[in-house]
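The structure displayed is predicted, hence computed values, not measured ones. Along the sequence shown, residues are numbered consecutively beginning with 1.
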Amino acid sequence: TVFLKQLIGVFIFCQAILFFIIYTQMYSTLVVFANNNIDLNILGFEVPPASFTSLNPFWILVLSPILAKIYLYLSEKKISLITTDKYSIAMLLCSIAFIILILASDASSSSKISGWWLVLYYLLTSVAELFISAVGLVVAAQYFPRDKISFCMGAWLLSAGCGNTIAGKLAGYVAMPEGGFGAAKSLEIFHSYFYVLATICMIASIIFIIFTYVFRRVAKINNLELV
């Protein structure tokens, strides 16, 4: 039973690396995308490209109490979401966020899309973050022995670091040369990049759903409570 719990914990840490790769895009490639292919005029104001990143803490503050009420409602209905459920939902939301940017790019008659699409992207990825943000503490407390909690927390931070590092490497694929690209060429590059990320997120979500089903079955057989 102890081994099974630790195996689930390690799997969650591997999931975390993928999530942080996707999450970090908002502070790197999405800023470049905003600079090149977003209509920065919103409600009559010219918005700096990097200012879109401030939407993440805004949505976190707005949505946190709403999500808390949803959790309470689900608890009252005896519906439990374990950690891997939350990862599945988070990756699905990230996939939808990228799909929205892809569709907005396809529908645009020019090489720039409305900034409101990026606002919606940040909304979805912020909800995804809320599903994940406290997972490290939960995993440390529930899936590992007390004498390994410190090591577990270090592993969680290492997962975040690995995700951020890989995200930085990926950002190099859409980095603009010193002279820059035209907006049309830039949009074409980002369209392909977002398509790859959306596909990865969707596949990951499906894989996590399958693993969650397996974990629930094995936990039931071994009389193990999952969180």
Side-chain angles (χ1 to χ4, degrees), residues 15-43 45-60 63 87-132 162-209:
Q15 290 177 305
I17 294 176
L18 178 57
F19 175 75
F20 283 116
I21 291 173
I22 301 302
Y23 173 76
T24 309
Q25 300 298 316
M26 69 172 66
Y27 299 108
S28 55
T29 55
L30 265 297
V31 176
V32 180
F33 178 66
N35 185 57
N36 292 342
N37 298 109
I38 293 292
D39 181 0
L40 299 176
N41 191 299
I42 296 181
L43 298 178
F45 297 95
E46 193 73 15
V47 180
S51 65
F52 281 97
T53 59
S54 63
L55 288 169
N56 177 238
F58 168 77
W59 286 126
I60 293 295
L63 297 172
Y87 265 104
S88 302
I89 296 171
M91 296 310 296
L92 178 61
L93 289 173
C94 288
S95 180
I96 294 172
F98 284 118
I99 290 172
I100 285 172
L101 294 183
I102 292 170
L103 295 177
S105 301
D106 288 337
S108 176
S109 58
S110 66
S111 300
K112 292 183 180 288
I113 66 174
S114 171
W116 291 110
W117 293 114
L118 204 54
V119 172
L120 182 55
Y121 170 90
Y122 277 92
L123 167 63
L124 293 173
T125 51
S126 296
V127 175
E129 182 189 0
L130 286 172
F131 277 112
I132 304 298
C162 288
N164 292 338
T165 300
I166 296 172
K169 296 293 184 181
L170 287 176
Y173 288 104
V174 290
M176 298 295 116
E178 188 174 343
F181 284 133
K185 179 63 175 178
S186 172
L187 187 63
E188 179 184 337
I189 292 172
F190 277 110
H191 185 280
S192 300
Y193 184 70
F194 293 153
Y195 182 83
V196 171
L197 293 181
T199 303
I200 290 173
C201 290
M202 185 63 70
I203 292 173
S205 179
I206 294 171
I207 291 174
F208 295 163
I209 290 172

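Taking CD1 of I102 as the reference point, atom CD1 of I113 lies at 10.5 Å (rounded to 0.5 Å). Rounding to the nearest 0.5 Å gives a distance of 13.0 Å between CG of L93 and CD1 of I22. The CZ atom of F58 sits 8.5 Å away from atom CG of L63, with the distance rounded to the nearest 0.5 Å. Rounding to the nearest 0.5 angstrom, the gap separating the CE atom in M91 from the CD1 atom in I209 is 11.5 Å. Taking CH2 from W59 and OG1 from T125, the interatomic distance works out to 10.5 Å, rounded to the nearest 0.5 Å. Atom SG of C201 sits about 9.0 Å away from atom CD1 of I99, to the nearest 0.5 Å.
In this structure, the side chain of S105 engages the main chain of L101 through a donor-acceptor pair within 3.5 Å. Side-chain N or O atoms of N37 include one that pairs as donor or acceptor with a backbone N or O of S111 at under 3.5 Å.
Taking each heavy atom of S126 and L55 in turn, the nearest pair found is OG-O, 4.4 Å. Residues S205 and S88 share a closest heavy-atom pair of OG-O, 2.9 Å. When every heavy atom of P49 is checked against every heavy atom of L40, the shortest pair comes out as CG-CD1, 3.8 Å. The shortest non-hydrogen separation linking T24 to A167 is CB-CB, 3.8 Å. Residues F19 and E129 approach most closely at CZ-CA, 3.7 Å, considering heavy atoms.
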key: Check against side chain to side chain contact (heavy atoms under 4.5 Å, CB included), K112 and I38   = CA-CA 5 Å; K112 292 183 180 288; I38 293 292; over 6 Å; no
query = Would N56 and Y23 satisfy side chain to side chain donor-acceptor pair (under 3.5 Å), going step by step from the backbone distance to the final call?
reply = CA-CA 10 Å; N56 177 238; Y23 173 76; 3.1 Å; yes
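Side-chain contact between I21 and I200: absent, with no pair of heavy atoms (C-beta onward) separated by less than 4.5 Å. At least one side-chain heavy atom of V119 sits less than 4.5 Å from a side-chain heavy atom of W116. Counting heavy atoms from C-beta outward, L120 and L123 have side chains that approach closer than 4.5 Å. Proximity of D106 to H191: side-chain heavy atoms (C-beta onward) are separated by under 4.5 Å at one or more points.
Heavy atoms of other residues, nucleotides or ligands lying less than 6.0 angstrom from OH of Y195 number 12 at most.
Neither side chain, D39 nor S114, offers a donor N or O lying under 3.5 Å from an acceptor on the other.
Ring centroids of F98 and Y121 are separated by less than 6.0 Å, placing the two rings close together.
For the ring pair (Phe, Tyr, Trp, His ring centres under 6.0 Å) criterion with F33, the lone passing option out of F52, F190, W117 is F190.
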